[in-house]
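Here the structure is laid out as structure tokens; the discussion comes afterwards.
We name chains A, B, ... by the order of the sequence lines, and we start the count at 1 in each one. Predicted model, so just to flag it, every value in this text is computed and none were measured.
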Number of protein chains: 2
Amino acid sequence: MLTEIITIGDEILIGQIVDSNSAWIAQKLNECGIRVKQITSVSDDRAHILEALNAASSRAEIVIMTGGLGPTKDDITKTTLAEYFNVGFKRDEATLANVSRIFERFKRPLLEANIRQADVPENCTVLLNANGTAPGMWFNHQEVTYVSLPGVPFEMMYLMEEEVLPRLKTQHQLDAIVHQTILTAGLGESFLAETISSIEDSLPSHIKLAYLPKLGQVRLRLSAYGGNEAELQTEINHYVDKIVRMLDKYVVATEDKPLEKAILDFMEERGLTLSVAESCTGGYLSHLLTQHAGSSSVFLGGGVTYSNDLKIKVLGVAPDTIDQFGAVSEETVKEMACGSLNKFNSQYAIAISGIAGPGGGTADKPVGTVWVAVAGQKRLVSKKFQFGSKRAQNIERSAINALILLFHILREDHC
Amino acid sequence: MLTEIITIGDEILIGQIVDSNSAWIAQKLNECGIRVKQITSVSDDRAHILEALNAASSRAEIVIMTGGLGPTKDDITKTTLAEYFNVGFKRDEATLANVSRIFERFKRPLLEANIRQADVPENCTVLLNANGTAPGMWFNHQEVTYVSLPGVPFEMMYLMEEEVLPRLKTQHQLDAIVHQTILTAGLGESFLAETISSIEDSLPSHIKLAYLPKLGQVRLRLSAYGGNEAELQTEINHYVDKIVRMLDKYVVATEDKPLEKAILDFMEERGLTLSVAESCTGGYLSHLLTQHAGSSSVFLGGGVTYSNDLKIKVLGVAPDTIDQFGAVSEETVKEMACGSLNKFNSQYAIAISGIAGPGGGTADKPVGTVWVAVAGQKRLVSKKFQFGSKRAQNIERSAINALILLFHILREDHC
């Protein structure tokens with residue numbers, strides 16, 4: 001069962017937005033055993049959309065589109081679909097009622113453009129969008145299923161979960177696919193590959209191994225295709241166990257979760273708490289942690305002590321330390337970590353202070369110089385990193401490397 | 001001049017990563033007046049890559065690929081390109097020296113797989129990758145330019161900026177494209193469209209207007225194509241002025257920048273400072289602000305006061321207030337804002353407290369209930385929001401709506 005995803009919108013092709021919809025859709029489809037053959041992004045252009053529909057339907061049995069369903073003149077997906085299927089329009093009363101209800105709730109006048117959102121191609125089944133005014137649309141046409149969804153992520157997600165996935169599961173006999181991911185930290189991609197090459201060479205042809213490196217971490221993804229799902233899972237587990245034994249302390253998790261979530265889970269299982277003191281990462285590390293539901297059982301909070309004044313006031317760093325060694329120094333970052341541990345009453349604390357750039361560098365401490373400290377109740381470890389010149393990367397690398405340092409300390413303390 | 005972008009990697013098609021490379025590449029190309037016709041994501045599959053190359057080169061004069069250049073067995077872009085061009089391999093000595101240098105720096109042994117990274121198709125011009133081991137490759141073949149880049153974002157970015165864009169500018173006579181964006185906040189998409197419909201109807205055919213709605217904001221993007229760049233800019237400016245006059249206080253910025261950057265710029269111009277007290281947004285608002293270079297001149301820092309204990313200790317919220325009204329209440333969020341203003345010594349402060357979910361909701365305060373307060377030196381404004389059930393969206397909406405509230409107050413106080 002193959003699907004193609006077509007995302008429609010000039011804003012994608014001029015790079016004004018990152019298309020995160022298709023990754024989300026692909027993930028959900030894969031979980032159901034539906035493989036995505038291709039993802040295609042095209043402009044709000046009639047001829048180009050028609051060409052993409054023709055190409056996709058020649059390769060796949062399901063075509064899922066997002067975007068171009070808004071009320072404004074640049075939204076042409078609906079009229080293009082009517083042309084593609086060679087049908088006229090009908091007014092959908094349930095959609096009209098939904099649109100009216102939404103405008104009433106927000107006390108906005110209902111405009112002609114909004115009313116037209118209830119007009120849909122004659123051959124479609126409407127997927128009612130409780131979160132917005134643009135309806136989802138489902139078409140069965142010459143052995144191919146076409147689904148058109150709004151581009152606004154949470155509207156698309158709602159329709160996928162409530163309408164599209166349940167219908168796909170009902171309509172199709174699905175092949176099994178099983179993925180399993182091993183998250184490793186602290187080993188390079190080629191060294192990893194060399195270490196587990198004997199296992200990789202022994203994999204049967206229906207099991208694939210992929211390496212996904214990212215900022216000090218490498219995800220190993222095993223994918224098994226076809227046949228019985230339970231048997232595939234057993235087979236995959238066998239290889240996962242072998243790899244985990246071989247890589248030992250470099251393994252952070254044996255499922256596909258982010259590093260910070262693996263750490264939160266590790267700490268929650270052991271009843272441990274964490275606080276953070278962030279300077280150059282400016283809240284990014286806290287955000288990484290708190291984006292996960294349930295993080296509050298581990299993460300107590302922290303200080304985004306961007307100014308020196310706040311390092312002193314909030315964390316209790318000695319003014320002399322900053323004067324003598326600077327805000328970006330081993331001494332300051334250690335005091336920040338201890339301050340976080342004591343003031344915020346946690347069992348572990350991370351502190352980060354560095355020069356994210358592009359400004360603020362000196363010959364002595366160039367942009368990308370970052371000090372990280374991890375404090376536990378019995379020890380205080382610090383480490384210096386020298387990253388590059390890009391601000392966003394320096395922020396991300398600082399946070400990830402601080403988490404890796406914390407993970408290694410947690411493992412030593414609690415394994 | 002048309003380009004197509006092909007991103008290669010199974011991890012994209014199973015949704016394990018979001019392809020942010022293509023948006024970045026598209027943006028850079030557009031700035032140079034090169035339009036992107038299509039973005040295509042395909043798997044690490046020889047036949048599929050060949051098919052995508054054939055299709056792209058039939059529509060575009062430039063094909064830019066990312067991904068599949070690593071040292072491991074699932075990386076097959078290079079061999080597939082050699083097959084596509086029907087050529088053999090050569091060893092590139094500069095690449096080999098670069099790979100050796102990188103392994104020496106990290107004190108890692110040089111493996112056979114790494115040495116093979118220096119083997120490239122005979123017909124390619126190597127684009128030396130100072131940030132990684134996989135070389136970029138440039139091919140001129142039957143009137144089409146093909147560029148193959150690593151999928152690791154910062155390696156790809158380096159090669160685009162240092163090698164690819166300068167070469168494209170030299171090789172091609174480029175058409176002009178001018179984009180200008182107006183960022184609005186607080187007006188719905190269809191109401192905006194109705195308000196400026198007379199201007200939209202009067203646009204000449206070479207100027208397009210697009211609406212890009214996102215979380216309480218709508219970006220209006222005017223794009224002018226062809227001819228002389230300075231003239232296009234003058235024409236666009238004329239329409240931007242008209243639209244800005246019509247939308248007045250809903251206009252946040254007349255360039256394509258994020259809301260928080262527009263606010264930082266507004267505050268920096270007026271010498272104003274900001275601090276934040278975040279509960280349910282857990283550092284996300286601080287991160288939004290501090291991702292921008294120079295934010296430290298406005299943003300002093302803040303508290304991620306996730307636990308009640310930290311709300312009391314760090315912000316000075318009265319324990320009684322939390323006991324009586326709860327952490328998510330008008331009373332608490334106002335004390336958080338005042339605490340942030342006073343303890344962190346800023347001229348404005350934002351406080352956010354809410355139930356991001358999925359847990360923690362009650363009949364009285366369901367998941368998605370969020371209180372925001374903005375404190376200035378002369379006033380304290382609070383507002384309640386009722387969002388939905390999704391954690392990530394609740395965090396994002398809380399932060400964005402808090403920023404919109406701050407912006408309206410700043411405008412009233414300082415315009």
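The residue among B/R221, B/K311, B/K343, B/K28 with the most heavy atom pairs within less than 4.5 Å of chain A is B/R221. The most heavy-atom pairs under 4.5 Å with chain A, out of B/Q16, B/R108, B/E11, come from B/Q16. Residue with the most contacts toward chain A among B/N30, B/L300, B/V42, B/I14: B/I14 (heavy-atom pairs, distance under 4.5 Å). Of the residues considered (B/G303, B/G282, B/G283), B/G282 shows the highest number of contacts with chain A, using heavy-atom pairs under 4.5 Å. Contact count versus chain A (heavy atoms, under 4.5 Å) is highest, among B/E200, B/H48, B/Q393, for B/H48. Annotation: maximal heavy-atom pairing with chain A below 4.5 Å, among B/V152, B/N131, B/D256, B/L209, occurs at B/D256.
In this structure, the portions of A/L13 lying under 4.5 Å from any heavy atom of chain B include both its backbone and its side chain. Heavy atoms of A/N21 lying under 4.5 Å from chain B are absent altogether. With a 4.5 angstrom heavy-atom cutoff, A/L29 does not touch chain B via any of its atoms. Within the 4.5 angstrom heavy-atom criterion, atoms from both the backbone and the side chain of A/Q38 approach chain B. Interface residue A/T181: only side-chain heavy atoms are found under 4.5 Å from chain B. Of the atoms belonging to A/R219, it is side-chain heavy atoms, and not backbone ones, that fall under 4.5 Å from chain B. Neither the backbone nor the side chain of B/P153 comes within contact range of chain A, judged by heavy atoms closer than 4.5 Å. Only the side chain of A/F103 comes within less than 4.5 Å of a heavy atom of chain B; its backbone N, CA, C and O stay farther away. Interface residue B/L310: only side-chain heavy atoms are found under 4.5 Å from chain A. Contacts between A/I395 and chain B at a heavy-atom distance below 4.5 Å involve the side chain alone, from C-beta outward.
For the atom pair A/S190 OG and B/L111 CG, the distance stands at 5.5 Å (nearest 0.5 Å). Of the inter-residue distances, the one linking A/S223 atom OG with B/D10 atom CG reads 7.0 Å to the nearest 0.5 angstrom. Summarising the geometry, atom OG1 belonging to A/T7 is positioned 7.0 Å from atom CD1 belonging to B/I39; distances are rounded to the nearest 0.5 Å. Taking CZ from B/F154 and CD from A/E396, the interatomic distance works out to 10.5 Å, rounded to the nearest 0.5 Å.
When the shell of 6.0 Å around NZ of A/K257 is examined, it contains more than 12 heavy atoms from other residues, nucleotides or ligands.
Using a 4.5 Å heavy-atom cutoff, the side chains of B/P109 and A/F191 are in contact. Proximity of A/N345 to B/K313: side-chain heavy atoms (C-beta onward) are separated by under 4.5 Å at one or more points.
In this pair, A/H287 and B/Y284 present their aromatic rings tilted. The plane angle is within the 30 to 60° band.
Below 4.5 Å, heavy atoms of chain B meet heavy atoms from A/T290, A/Q291, A/H292, A/A293, A/S295, A/S296, all part of residues 288-296 of chain A.
Checked for salt-bridge contact, A/D44 and B/K208 miss the test: no charged N lies under 4.0 Å from a carboxylate O. Between A/R59 and B/E51, at least one side-chain nitrogen of the basic residue sits less than 4.0 Å from a carboxylate oxygen of the acidic one, meeting the salt-bridge criterion.
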